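Data first, discussion second: the structure below is written as structure tokens.
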Amino acid sequence: MPELPEVETSRLGITPHLQGQIIKAIIVRTDKLRWLIPQELQLLVGQRIQSIRRRAKYLMIDTPKGTAIIHLGMSGSLRILDEAIPPAKHDHVDLVLDSGKLLRYNDPRKFGAWLYSEVGVSHDVLAKLGPEPLTDVFNTKYLAEKAKNKKAVVKQFIMNNVVVVGVGNIYASESLFMAKIHPKTPVGTLTLAQIERLVSEIKKVLETAIKQGGTTLKDFNQVDGKPGYFAQELHVYGRAGKECLICHSLIQEEKIGQRNTFWCENCQPFDL
């Protein structure tokens, strides 16, 4: 599943091609992805693209007549292509530009979304989202207050979009490893020093992934078709049974909240 760095990489990749362009057509080849694709998207035809933003894992293409909201779901991807290139299987939406290019959305599993919001109106899907992890709002004091007296294990806690957005499965495991915190630690038992370290490592891990183009896992490729390279630097995720890169102990794996979770028992002791 594309996570925050992959979505941010997509935003950075498409922005130079979309910014300031006029939308010539929006071609929709399926009625429904995760949700029905609204007819109101056609209101954006003829409008100039003002900005391309990201909130959590949603991309937003702003125009004077409203915003197209895109979610990549499990297997969605975006490409910038020449308008003349015919659609392939699973190419569900084209945003055609007056430059002769188009933004093409491909999604084999159809778990993604194309939505619409009016100018000045926040869509319901954005209503309950927590702070962005790379902003100053996400800090030690904030996370300590959210964690106080909570019994949830720390990995599930930091993956909760109400607490903080965009810390997906890969980067949760990686951040906890770097912070030397066992993923099953009850979050309410963390010390202030541990929380400070965790906040710092979440930011570092996500920033590194964005700089390196996002993690290459199965379906994700960058907008220009080149894969990201962060996967080569993963310390624990996907490395069950292999030696820890730091201490050479074997990496452990277990499902937590029905998500595969990876850690090093030596570097991340379970202290209770």
Side-chain angles (χ1 to χ4, degrees), residues 1-13 54-59 71-77 129-135 137-140 142-143 146-147 152-185 187 190 194-222 227-240 242 244-246 251-264 267-268:
M1 177 186 294
E3 297 193 21
L4 184 148
E6 284 78 20
V7 179
E8 180 64 10
T9 298
S10 292
R11 186 190 72 82
L12 294 171
R54 181 191 55 76
R55 179 72 173 104
K57 294 197 289 186
Y58 291 93
L59 289 171
H71 195 286
L72 299 179
M74 294 288 290
S75 60
S77 64
L129 296 176
E132 292 284 333
L134 299 180
T135 63
V137 178
F138 181 64
N139 55 41
T140 303
Y142 167 82
L143 196 61
K146 288 289 184 182
V153 300
V154 63
K155 179 167 181 278
Q156 286 182 287
F157 184 77
I158 62 174
M159 288 180 64
N160 184 343
N161 278 332
V162 176
V163 175
V164 57
V165 301
V167 185
N169 199 36
I170 300 168
Y171 301 112
S173 286
E174 291 296 301
S175 298
L176 287 166
F177 174 78
M178 299 304 292
K180 304 184 186 304
I181 297 170
H182 195 286
K184 293 200 288 186
T185 304
V187 70
L190 294 178
Q194 286 177 309
I195 291 174
E196 182 176 20
R197 197 162 65 236
L198 179 57
V199 168
S200 176
E201 293 301 338
I202 287 172
K203 292 177 184 284
K204 287 178 185 177
V205 166
L206 291 175
E207 286 170 349
T208 299
I210 291 168
K211 286 178 183 176
Q212 297 185 338
T215 306
T216 307
L217 287 177
K218 294 183 180 178
D219 299 310
F220 178 73
N221 284 301
Q222 291 187 60
Y229 297 103
F230 189 64
Q232 297 176 14
E233 297 186 10
L234 294 176
H235 288 85
V236 290
Y237 187 88
R239 300 191 66 248
K242 296 181 180 178
C244 172
L245 300 176
I246 304 299
I251 299 299
Q252 306 298 308
E253 178 183 8
E254 183 179 324
K255 285 199 173 181
I256 298 177
Q258 298 185 338
R259 304 299 298 276
N260 290 344
T261 303
F262 303 85
W263 72 93
C264 171
C267 295
Q268 299 165 265

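Only a predicted model underlies this, so the values are computations on that prediction, with no experimental measurement involved. No hydrogens, no waters, no symmetry mates; every other heavy atom, side chains included, goes into these values.
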- Distance, nearest 0.5 Å, that separates CD1 of Ile256 from CH2 of Trp263: 5.5 Å
- Who are the ring pair (Phe, Tyr, Trp, His ring centres under 6.0 Å) partners of Phe262, not counting sequence neighbours? Tyr237
- Query: Say you draw a straight line from CD of Gln268 to CE of Met178; how long is it, rounded to the nearest 0.5 Å?
  - Reply: 10.0 Å
- Tell me, please, which residues at least two apart from Arg54 pass salt bridge (Lys or Arg N to Asp or Glu O under 4.0 Å). Glu8, Glu132
- Message: Check whether Thr261 reaches the backbone of Arg259 with its side chain - one donor and one acceptor, N or O, closer than 3.5 Å.
- Response: yes
- Message: Rounded at 0.5 Å granularity, tell me how far CE in Met159 sits from OG in Ser175.
- Response: 11.0 Å
- Message: Strictly distance-based, threshold 3.5 Å: is any side-chain N or O of Thr208 a donor or acceptor partner for the main-chain N or O of Lys204?
- Response: yes
- Query: Sequence neighbours excluded, which residues qualify as side chain to side chain contact (heavy atoms under 4.5 Å, CB included) partners of Gln194?
  - Reply: Ile181, Leu190, Thr191, Arg197
- Does Tyr58 have any ring pair (Phe, Tyr, Trp, His ring centres under 6.0 Å) partners at least two apart in sequence or in another chain, and if so, which? His71
- Query: Is a side-chain N or O of Lys203 found less than 3.5 angstrom from the main chain of Phe138, in a donor-acceptor match?
  - Reply: yes
- Task: May I ask you to decide if Asn260's main-chain N or O and Asn169's side chain share a donor-acceptor pair within less than 3.5 Å?
- Result: yes
- Taking the side chain as every heavy atom from C-beta outward, state whether Val165 and Pro133 have any pair of such atoms under 4.5 Å apart. yes
- Quick one: ring pair (Phe, Tyr, Trp, His ring centres under 6.0 Å) partners of His235, sequence neighbours excluded? Phe177
- Counting only N and O atoms by type, is there a donor-acceptor contact under 3.5 Å from the side chain of Glu174 to the main-chain atoms of Val236? yes
- Task: Please identify each residue that fulfils salt bridge (Lys or Arg N to Asp or Glu O under 4.0 Å) with Glu253, with sequence neighbours left out.
- Result: none
